[in-house]
Number of protein chains: 2
Amino acid sequence: MLKLTRKVEYALISLRHMQGKSTDSISSTKEIANHYNIPVEILAKTLQHMAKENIIEAINGPRGGYRIKAKLNKINLVEFFEKVEGPLGLSDCFYDANCMQIEFCNIRTPIQRINNNMINMFRSMSVQDITN
Amino acid sequence: MLKLTRKVEYALISLRHMQGKSTDSISSTKEIANHYNIPVEILAKTLQHMAKENIIEAINGPRGGYRIKAKLNKINLVEFFEKVEGPLGLSDCFYDANCMQIEFCNIRTPIQRINNNMINMFRSMSVQDITN
DNA sequence: TTATATCCGATAATTTTAGTCGGATATATT
DNA sequence: AATATATCCGACTAAAATTATCGGATATAA
């Protein structure tokens, strides 16, 4: 409950790794996977996904890899989590109403308050707050 | 990602339900399950669990059921979540170090900061903030 | 005595998350 | 041009977590 997924963790690890190097230097999937003991194939997916979201940039071919493209201090953690994992919320009913309880639910409003607190907390932090 | 479990939701729904009645009145599993469209058996488990944690009190036999035992304004949400679901944390590594990455992990400290923010946020709210 | 309720361990089903495989495309180097 | 190394990407499988079910026990009010 209330956990980050590995995908998000791998994404953050990769960004921090890239940020530790000079701006134009390139990191390959294999390099990152080996360094942090992450399965290559799944890391590849994650990096491709971030590339599609314009967080990083892919360079094809041998000696290729990825480098940071976006301003990480301009991406807050809600944006980041949603780009990597999809919609965020303590309960599904805040973005997808398919719930058997919803008609009688007596806690939706109070939980939504907490949800807002959580969202605001994550929104107040940027990706760079983690990768720096 | 970052969701409450149904168990926690069922627990909160039940508490709010009980709190809406006079202090000594008893709510049976079946009554709550029917009212909120929750599977009886799993709700039974959840209520039994809360009884064991002394949040509610079980009354056996026919016309039995449960009623609130603890002071809900004295239980903060971290305590409550941990009583119902076990240890809380954005990543397992904050309470169970069995992680392939831990030796090389470059984001553990920053994520722990966020984790603390989240924990503090939940600690600042009581169960009663939801059930009232 | 009976009916109705909690109690509780074992197990099954479902959903989500994590990881694998196969083969395509792009490009630097030789 | 050939080759090696990298990304790209859909389909698939596996594992783990969550959710739900089953069977039968115990407690007690009526």
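Lettering of chains follows the sequences in order, A, B, ..., and the numbering in each one begins at 1.
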Rounding to an integer number of Å, can you tell me how far [X] [atom1] sits from [N] [atom2]?
X	N	atom1	atom2	result
Leu47(B)	dT19(D)	CG	P	16 Å
Asn37(A)	dA18(C)	CG	C1'	15 Å
Leu4(B)	dT18(D)	CG	P	12 Å
Met1(A)	dT17(C)	CE	P	14 Å
Lys3(B)	dT18(D)	NZ	P	12 Å
Asp92(B)	dA17(D)	CG	C1'	11 Å
Lys30(B)	dT6(C)	NZ	C1'	12 Å
Ile38(B)	dT18(D)	CD1	C1'	16 Å

Could you work out, with salt bridge (Lys or Arg N to Asp or Glu O under 4.0 Å) as the rule, every residue matching Arg67(A), not counting sequence neighbours?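 If we apply the salt bridge (Lys or Arg N to Asp or Glu O under 4.0 Å) test to Arg67(A), skipping adjacent residues, the hits are Glu57(A).
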Who pairs with Lys69(A) by salt bridge (Lys or Arg N to Asp or Glu O under 4.0 Å), at least two apart in sequence or on another chain?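 Scan of Lys69(A) (salt bridge (Lys or Arg N to Asp or Glu O under 4.0 Å), adjacent residues dropped) gives none.
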What pairs with His49(B) under ring-ring contact (aromatic ring centres under 6.0 Å, His included), at least two apart in sequence or on another chain?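 Residues passing ring-ring contact (aromatic ring centres under 6.0 Å, His included) with His49(B): none at all.
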Any pair with a residue in residues 79-90 of chain B that passes side chain to side chain donor-acceptor pair (under 3.5 Å), sequence neighbours left out, goes on the list, sorted by first then second residue, please.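 Every side chain to side chain donor-acceptor pair (under 3.5 Å) pair that includes a residue of residues 79-90 of chain B, provided the two are not neighbours, is Thr5(B)-Glu85(B).
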Base contacts versus sugar-phosphate-only contacts with protein, heavy atoms under 4.0 Å: please encode nucleotides 19-30 of chain C as B, S and - from 5' to 3'. BBB----BBBS-
Hey, is the main chain of Cys93(B) close enough, under 3.5 Å, to the side chain of Ser91(B) for a donor-acceptor pair?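 Here the side-chain-to-backbone pair does not exist.
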Using a heavy-atom cut-off of 4.0 Å across all strands, would you classify Ile59(B) as base, sugar-phosphate, or nothing?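 If one applies the 4.0 Å heavy-atom cut-off, Ile59(B) turns out to touch the sugar-phosphate alone, with no base involved.
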Filter on salt bridge (charged side-chain N to carboxylate O under 4.0 Å, His left out), then keep only pairs touching residues 16-42 of chain A, sequence neighbours left out; what's left?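 For residues 16-42 of chain A: Lys21(A)-Glu31(A).
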Does a side-chain N or O of Thr29(A) approach OP1 or OP2 of dT7(D) to a distance below 4.0 Å, or not?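 Yes, because at least one side-chain N or O of Thr29(A) sits under 4.0 Å from OP1 or OP2 of dT7(D).
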